[in-house]
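Below is one structure, written out as structure tokens, with a few remarks after it.
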2 protein chains.
Amino acid sequence: MGTRKTAVFGEIENELAELAKAIGHPARVAILRELANRNVCVCGEIVDTLPLAQSTVSQHLKELKAAGLISGTVEGVKSCYCINWAALERFKTLLDDFFKPGSGQNCAC
Amino acid sequence: MGTRKTAVFGEIENELAELAKAIGHPARVAILRELANRNVCVCGEIVDTLPLAQSTVSQHLKELKAAGLISGTVEGVKSCYCINWAALERFKTLLDDFFKPGSGQNCAC
DNA sequence: AATATTTATCGTAATTTTACGATTAATGCT
DNA sequence: AGCATTAATCGTAAAATTACGATAAATATT
């Protein structure tokens, strides 16, 4: 127990959930915003903007990368990260497609 | 440790993260989709569509409600839930505003 | 009044997440 | 070659999440 039962859900549900989950932390939101604003960012600069330990930021970067929301390449000693606009667009599209108002009755709540 | 350091982040970062986090689970995505399609839904119907225990679904509904993504009212023995379109719109707006491409250099990664 | 139905809550266990410091690996500099 | 810098990884602890069954509370039904 304590494990997400991803296997019993549809592919789209899981894809959407995974992207949302990756965005679902203020530090990762801040990282994405920084990357969006600057388009390119060296790891150390991201660390400097966040009130978190370097190792923690590294962990968040790893998660964003795993979700496909950012990509990173090694540039000598440094690491260059940038946002994956396509993934972000994909997320928005999924949101729009998945949560479209149906033809059902109106809400009474 | 193990706790999210929400206090050190901006209000918008936290708001965006909280909404994303709430969507960040396939069961909750499925619930939202069901609610979006039908616009109104009785709790039992949602439980029937999900391969999860009733108590687990109830927990997910509670989280979606806490995040403001759905609202629910008691209708006799049953509970009527519906999607909060405004919250979903708010989420999309935050996404658009927060992750807008800046005037920086292009990505090289 | 007794029973059934519906859903929220409680208690609990397994797992994941978040955070940090310390260490390692890799490159750059002197 | 030796030292400095940068960032990933490791180890670990605290807390949150996810899931379930059992129970409780509230309304319907007979």
Side-chain angles (χ1 to χ4, degrees), chain A residues 1-9 13-14 17-31 34-35 40-67 70-82 109, chain B residues 1-9 13-14 17-31 34-35 40-67 70-82 109:
Chain A
M1 255 183 265
T3 326
R4 225 180 258 250
K5 293 176 77 180
T6 51
V8 300
F9 296 103
E13 273 100 337
N14 281 316
E18 226 174 294
L19 286 167
K21 190 180 141 209
I23 302 176
H25 189 289
R28 293 194 290 269
V29 169
I31 291 172
E34 198 68 20
L35 252 43
V40 167
C41 220
V42 167
C43 178
E45 299 175 304
I46 301 171
V47 172
D48 288 343
T49 65
L50 292 178
L52 295 173
Q54 178 264 322
S55 57
T56 306
V57 175
S58 198
Q59 221 172 338
H60 284 305
L61 286 166
K62 197 177 171 185
E63 260 169 275
L64 285 170
K65 204 172 173 184
I70 66 173
S71 60
T73 46
V74 181
E75 304 256 325
V77 209
K78 311 202 178 175
S79 269
C80 171
Y81 284 99
C82 51
C109 303
Chain B
M1 252 181 266
T3 327
R4 225 183 260 250
K5 294 176 78 181
T6 52
V8 300
F9 296 103
E13 272 100 338
N14 280 317
E18 228 175 293
L19 286 167
K21 189 179 141 209
I23 302 176
H25 189 290
R28 294 195 289 269
V29 169
I31 291 172
E34 198 68 18
L35 252 43
V40 167
C41 218
V42 166
C43 176
E45 299 176 302
I46 301 169
V47 172
D48 288 344
T49 65
L50 293 177
L52 295 173
Q54 178 265 322
S55 57
T56 306
V57 175
S58 197
Q59 221 172 339
H60 283 305
L61 286 166
K62 196 178 172 185
E63 261 169 275
L64 285 170
K65 203 173 173 183
I70 66 173
S71 61
T73 48
V74 181
E75 305 254 326
V77 209
K78 311 200 176 175
S79 271
C80 171
Y81 284 100
C82 51
C109 305

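Naming: A, B, ... by sequence-line order, numbering from 1 per chain. All heavy atoms count here, side chains included; hydrogens, waters and symmetry mates do not.
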**OP:** Please answer whether the main-chain N or O of B:A22 pairs with a side-chain N or O of B:R28 as donor and acceptor at a distance below 3.5 Å.
**Re:** yes

**OP:** Please answer whether the main-chain N or O of B:H60 pairs with a side-chain N or O of B:E63 as donor and acceptor at a distance below 3.5 Å.
**Re:** no

With the side chain of [X] defined as its heavy atoms from C-beta on, choose the nearest nucleotide among [options].
X: A:R28; options: C:dT9, C:dT18, C:dA8; value: C:dT18
X: B:H60; options: C:dT9, D:dA19, C:dA22; value: D:dA19
X: B:H25; options: C:dT5, D:dA19, C:dT9; value: D:dA19
X: B:R4; options: D:dT9, D:dG21, C:dA19; value: C:dA19
X: B:K21; options: D:dA16, C:dT18, D:dT27; value: D:dA16
X: A:K78; options: D:dG21, C:dC20, D:dA7; value: D:dA7
X: B:C43; options: C:dA8, D:dA19, D:dT9; value: C:dA8
X: B:E63; options: D:dT5, D:dA7, D:dT18; value: D:dT18
X: A:Q59; options: C:dA19, C:dA26, D:dA28; value: C:dA19
X: B:V77; options: C:dT27, C:dT6, D:dG21; value: C:dT6

Looking only at side-chain N and O atoms, does [X] come under 4.0 Å of OP1 or OP2 in [N]?
X: B:S79; N: C:dT7; answer: no
X: A:K62; N: D:dA7; answer: no
X: A:S55; N: C:dC20; answer: no

**OP:** Could you tell me whether B:T3 contacts a base, only the sugar-phosphate backbone, or nothing, with contacts defined as non-hydrogen atoms closer than 4.0 Å?
**Re:** sugar-phosphate

Original post:
Is it true that atom CD of B:E18 has more than 12 heavy atoms of other residues, nucleotides or ligands lying nearer than 6.0 Å?
Top reply: no

Original post:
What's the spacing between B:Q54 CD and B:L61 CG if we round to 0.5 Å?
Top reply: 9.5 Å

Original post:
Less than 3.5 Å between a donor and an acceptor, one on the side chain of B:Q54 and one on the base of C:dA8, is that the case here?
Top reply: yes

